[in-house]
Amino acid sequence: MELFDGLIGGFQIALTPYNLFFVFVGCVLGTLVGVLPGLGPIGAIALLLPATIHLPAVTAIIMLAGIYYGVMYGGSITSILMNIPGEAASVVTCLDGHQMAKQGRAGAALGISAFGSFIAGTAGLIALTVVAPPLGSLALKFGPAEYFAMLLCALSIVSYLASGPLWKAWLMASLGLLLGSIGIDEITGSARFTFGIPALLDGINMVPVVMGFFGIGEILANLERREANTVLSTKLESLYPTRKDWADTAFPIGRGTVIGFVLGILPGGGAVLSSFLSYAAEKRISRTPERFGQGAIEGVAGPEAANNASTAGAFVPLLTLGIPTHALMALLMGALIVHGVQPGPLLLKDHPEVFWGTICSMYVGNFMLLLLNLPLIPLWVRVLSIPYRYMFPTILVIVLVGAYSLNNSIADVYITIIFAIVGYFARKLEFDAVPLLLALVLGPLLEASLRRALIVSGGSADIFINNRIALVFLVLAILIPMTAFLPGVAARAAKIRGMDSA
Amino acid sequence: MRVNNDQLSALIGIAIGAFVVWHASTYKIGSFSSPQLGFFPLAAGLGILSFSLFGLVAASWQAIKGQQWKPLLKESAWWRPLIVVLLLLAYAATVEFLGFPIATWLLLLSLFLALEQMPLRHALAASLLITGAAHVLFAMLLQVQLPKGILGL
């Protein structure tokens with residue numbers, strides 16, 4: 001009954017003209033930015049995040065969820081038409097999607113990608129609706145020790161799956177924890193690591209860091225390479241899948257949905273791992289695996305479904321436990337915090353309108369994307385033909401305006417530029433920025449939980465050892481990175497890390 | 001002996017970690033039962049230091065096995081990102097004085113001329129168009145408070 005009441009309330013919020021407008025804006029902007037090659041989903045969301053700052057919290061997260069879905073979908077378009085993955089999770093879509101386009105079946109590839117994403121997204125959302133509330137109630141019983149252990153475990157797993165050697169990932173995570181501690185300490189009210197700079201008293205906002213690393217950082221990397229991107233000049237025929245296409249893709253979409261949702265819940269899982277696993281599963285199950293890589297529609301349908309379902313799955317730990325499972329979720333979490341809403345077990349109790357409004361707006365956004373994007377594909381194709389020499393200065397202007405408008409402060413613009421430079425050299429020296437971003441967002445929560453736990457226990461480690469939930473998470477946090485030293489596991493983990501950096 | 005890329009990274013990490021540990025220790029650390037201001041940054045600094053030291057050992061082992069320095073800027077158009085960064089810094093230094101429209105127009109014009117070697121007419125047209133569109137979208141439609149500068153635009 002509570003579930004039903006929550007859904008009714010959520011739809012009442014999501015279906016107001018005001019919020020519907022911002023779902024629409026989010027979906028369109030997200031797809032537009034997702035279509036742009038060279039700007040990954042993190043950079044895309046970072047670019048659009050400042051646009052939501054002045055909106056009410058519910059509307060902001062509704063718009064951001066629309067942007068998230070839109071970016072994922074936009075990435076599929078560039079994968080199929082240009083053989084350039086808009087983001088890492090779309091890499092496998094390139095394998096068969098672009099081959100289908102070259103065979104004159106771009107419409108079918110784009111269409112099944114859209115429909116498969118819609119079906120999987122809706123199924124994932126239904127699962128989210130059912131799973132999230134009881135999990136949130138369970139998490140209410142968590143104390144500071146459980147929280148600290150859980151956050152540390154999430155950080156450990158995400159760092160383990162980051163690209164490059166483990167020591168680099170952990171170094172970036174430690175740096176992120178340090179950056180998160182800059183500013184005024186919540187408990188003592190004293191400033192630390194501000195070096196007398198007034199702009200640092202409020203700490204380092206996640207948004208300029210992300211815009212610097214991923215927004216401007218991507219541009220700097222692209223300018224160095226200077227590759228010419230050409231859109232496939234093919235006539236887009238019917239975007240609607242045929243009866244045979246549906247028959248061939250029904251089970252792959254179903255399997256992709258389950259794989260995506262389950263993996264989306266796990267830290268470090270996310271869209272990348274789910275799409276690769278779905279592709280591997282379909283190839284293995286298929287009676288004609290030799291078709292994969294040559295334009296097999298199952299190779300598009302399964303991964304795209306997994307991609308979208310993992311989005312819904314990733315919202316489960318974010319909304320109920322306050323744990324972002326990967327960088328994009330960390331961004332959304334940061335956005336919620338900026339609006340004064342703390343994701344976690346108390347979200348359902350203290351801000352049910354945000355909880356249910358977000359879930360219901362995702363139903364609406366998913367449907368809206370399907371309705372809008374199929375007819376708008378010719379428009380996105382035209383966007384892709386805009387030369388990069390006009391595109392990147394426009395993106396730079398958007399980033400600079402976004403950075404300034406956060407606090408009407410030039411300091412945020414300088415922080416963005418500084419982190420663009422840091423990100424440039426980090427890329428050169430093969431450091432993955434994701435652990436830093438996650439640690440920047442989780443750091444303040446991690447510190448607060450640790451300090452509270454130690455104060456409560458009088459400095460004794462018993463509060464962690466005697467607490468079964470905390471102990472399990474701590475053991476996982478330590479054991480998982482140690483598996484890097486086991487030969488077979490190390491090779492497989494390196495393969496997963498390599499996927500993410502693709 | 002020349003270091004490899006990872007050795008350099010580790011040495012930079014050690015320097016950062018050492019600085020963080022030193023600076024954190026100037027704050028009150030407290031104890032495990034009563035952690036104070038410097039407790040968590042000290043832990044983060046020790047983390048940076050430890051992982052960098054581990055990295056130095058791992059990278060040195062790779063160096064012994066033959067992993068050499070890989071040039072970071074060779075065969076890349078590194079001057080293009082450098083130009084962009086310098087122009088962005090100049091933009092940040094002048095935007096509040098000049099105002100958003102003028103500073104943005106100058107930034108775009110410089111990018112088109114210096115980076116893309118565009119003909120002046122095209123560069124002027126493109127930079128004015130993008131600046132105008134940005135001003136209309138952000139300042140007028142979205143009501144974002146952008147610097148007005150000396151001309152009050």
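Each chain gets a letter, A, B and so on, in the order its sequence line appears, and its residues count up from 1.
- Interface remark: of the candidates B:Pro41, B:Ala44, B:Ser50, B:Gly47, B:Pro41 forms the most heavy-atom pairs closer than 4.5 Å to chain A.
- Note on A:Ala173, A:Ser174, A:Ser405, A:Ala453: by heavy-atom pairs under 4.5 Å with chain B, the leading option is A:Ser174.
- For the set B:Gly45, B:Ala134, B:Ala24, the count of heavy-atom pairs under 4.5 angstrom toward chain A peaks at B:Ala24.
- Within 6.0 Å of atom CZ in B:Phe32, 12 or fewer heavy atoms from other residues, nucleotides or ligands are found, so the atom counts as exposed in its surroundings.
- Comparing B:Asp6, B:Ile130, B:Val85 by heavy-atom pairs within less than 4.5 Å of chain A, the highest count is held by B:Asp6.
- Aromatic ring pairs are classed by plane angle as parallel below 30°, tilted from 30° to 60° and perpendicular above 60°; the pair A:Phe193 and B:His23 is perpendicular.
- With B:Arg80 contributing its side chain and A:Glu224 its backbone, the two residues share no donor-acceptor pair below 3.5 Å.
- For A:Leu396, the part sitting under 4.5 Å from any heavy atom of chain B is the side chain, from C-beta outward, and nothing else.
- With a 4.5 Å cut-off on non-hydrogen atoms, A:Ala191 touches chain B through its backbone but not through its side chain.
- For A:Arg452, the CZ atom counts as loosely surrounded, since its 6.0 Å shell holds 12 or fewer non-hydrogen atoms of other residues, nucleotides or ligands.
- For CZ of B:Phe97, the number of neighbouring non-hydrogen atoms (other residues, nucleotides, ligands) closer than 6.0 Å is 12 at most.
- In plain terms, the two heavy atoms of B:Met118 and A:Tyr390 that are nearest each other are CE-CE2, 3.6 Å.
- Using a 4.5 Å heavy-atom cutoff, the side chains of A:Leu175 and B:Ile16 are in contact.
- Proximity of A:Tyr404 to B:Pro147: side-chain heavy atoms (C-beta onward) are separated by under 4.5 Å at one or more points.
- Residues A:Leu429 and B:Asn5 come closest through the heavy atom pair CD2-O, 4.0 Å.
- To the nearest 0.5 Å, the span separating CD on B:Glu96 from OG on A:Ser409 amounts to 7.5 Å.
- Residue contact with chain B, scored on non-hydrogen atoms closer than 4.5 Å, involves the side chain of A:Ile417 exclusively.
- The choice from A:Val413, A:Val456, A:Val397 that makes the most heavy-atom pairs within less than 4.5 Å of chain B is A:Val397.
- Put simply, of B:Leu89, B:Thr104, B:Val95, the one with the most heavy-atom pairs under 4.5 Å next to chain A is B:Leu89.
- Aromatic ring centres of B:Phe51 and A:Trp170 lie closer together than 6.0 Å.
- A:Tyr388 is not listed as a side-chain neighbour of B:Glu116, based on a closest heavy-atom distance of 4.5 Å or more.
- Contact of the B:Ser33 side chain with the A:Ile455 side chain is not registered, since no non-hydrogen atoms from C-beta on lie closer than 4.5 Å.
- Rounded to the nearest 0.5 angstrom, A:Leu178 CG and B:Ile48 CD1 are separated by 5.0 Å.
- Proximity to chain B is absent for every atom of A:Ile418, based on heavy atoms less than 4.5 angstrom apart.
- Annotation: maximal heavy-atom pairing with chain A below 4.5 Å, among B:Leu111, B:Leu137, B:Leu37, B:Val84, occurs at B:Leu37.
- Residues B:Phe112 and A:Pro393 come closest through the heavy atom pair CE2-CG, 3.7 Å.
- Listed options B:Leu107, B:Leu46, B:Leu49, B:Leu108 were ranked by heavy-atom pairs under 4.5 angstrom with chain A; first place goes to B:Leu108.
- Interface remark: B:Ala10 contributes backbone and side-chain atoms alike to the contact with chain A (heavy atom separation under 4.5 Å).
- Your options are A:Ser181, A:Gly459, A:Ser457, and the one with the most heavy-atom pairs under 4.5 Å with chain B is A:Gly459.
- No donor-acceptor distance shorter than 3.5 angstrom exists from the side chain of A:Arg192 to the backbone of B:Gly38, with no hydrogens or angles considered.
- Using a 4.5 Å cut-off between heavy atoms, B:Lys70 touches chain A through its side chain atoms alone.
- Side-chain contact check for B:Phe54 versus A:Leu171: every heavy-atom pair is 4.5 Å or farther apart.
- No more than 12 heavy atoms of other residues, nucleotides or ligands lie within 6.0 Å of CZ in A:Phe24, so this atom counts as exposed by the packing criterion.
- Of all the heavy atoms in A:Trp167 and B:Gly55, the pair that sits closest is CD2-CA, 3.3 Å.
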Problem set entry | Residue pair A:Lys428, B:Trp78: steps toward the side-chain contact (heavy atoms from CB on, under 4.5 Å) verdict | CA-CA 11 Å; A:Lys428 290 282 184 190; B:Trp78 55 268; 5.9 Å; no
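- Between chain B and the residues A:Ile182, A:Thr188, A:Leu400, A:Ile421, the most heavy-atom pairs under 4.5 angstrom are made by A:Leu400.
- Looking at heavy atoms from C-beta onward, A:Val401 lies in side-chain contact with B:Phe100 at the 4.5 angstrom threshold.
- Summarising the geometry, atom CZ belonging to B:Phe39 is positioned 5.5 Å from atom CG belonging to A:Leu454; distances are rounded to the nearest 0.5 Å.
- In this structure, the portion of B:Ala126 lying under 4.5 Å from any heavy atom of chain A is its side chain and not its backbone.
- Residue A:Tyr424 touches chain B through its side chain alone, counting heavy-atom pairs closer than 4.5 Å.
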